[in-house]
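To keep things clear, I will list the structure first and then write my remarks on it.
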Amino acid sequence: MFSLKGDYIVQLPLDVVRVAIPLAIYFLLMFFVSFFMAYKLGVNYENTAALSFTAASNNFELAIAVAVGVFGIASRRPFAAVIGPLIEVPVLIGLVNVA
């Protein structure tokens with residue numbers, strides 16, 4: 001899927017940014033809200049961190065499969081679903097340093 005949509009990623013950088021910004025905001029928001037809530041509930045650090053990363057990460061593999069199955073591989077929707085993991089991994093690696 002990544003190789004099939006790789007040309008679009010290079011050809012349409014503004015579309016990548018339009019998809020990436022809301023995703024990055026979502027990951028950050030979910031991580032910090034989950035971390036804060038667990039901390040306020042008195043959950044220990046190890047479980048708080050695990051909970052926050054679980055809340056922040058998504059099942060993009062499932063989203064990609066559903067998008068391709070429903071809309072077809074030539075659609076723009078799988079393109080948006082492919083951007084998710086490309087944004088998710090660097091953001092979550094950065095959040096490891098925060099945690």
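This structure is a prediction, so every number in the text was calculated from the model and none was measured.
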* **Cluster link Met30 to Leu51, ILVMFWY, side chain under 4.5 Å** => no

* Structure fact -> Separation between OG (Ser52) and CZ (Phe32), nearest 0.5 Å, reads 9.0 Å

* Looking only at heavy atoms, which two atoms of Val43 and Thr48 are closest? And how far apart? -> O-OG1, 3.2 Å

* **Pairs flagged by side chain to side chain donor-acceptor pair (under 3.5 Å) wherever residues 29-41 is involved - sequence neighbours left out** => none

* Asked: Applying the 4.5 Å side-chain criterion to the ILVMFWY set and letting contacts propagate, would Tyr45 and Phe53 be lumped into a single cluster?
  -> yes

Output side-chain donor-acceptor pairs under 3.5 Å for residues 92-99, partner residues at least two apart or in another chain, one line each.
none

* Asked: Going only through I, L, V, M, F, W and Y residues with side-chain contacts under 4.5 Å, is there a path from Ile25 to Val17?
  -> yes

* Asked: Phe31 and Phe35: aromatic ring centres closer than 6.0 Å?
  -> yes

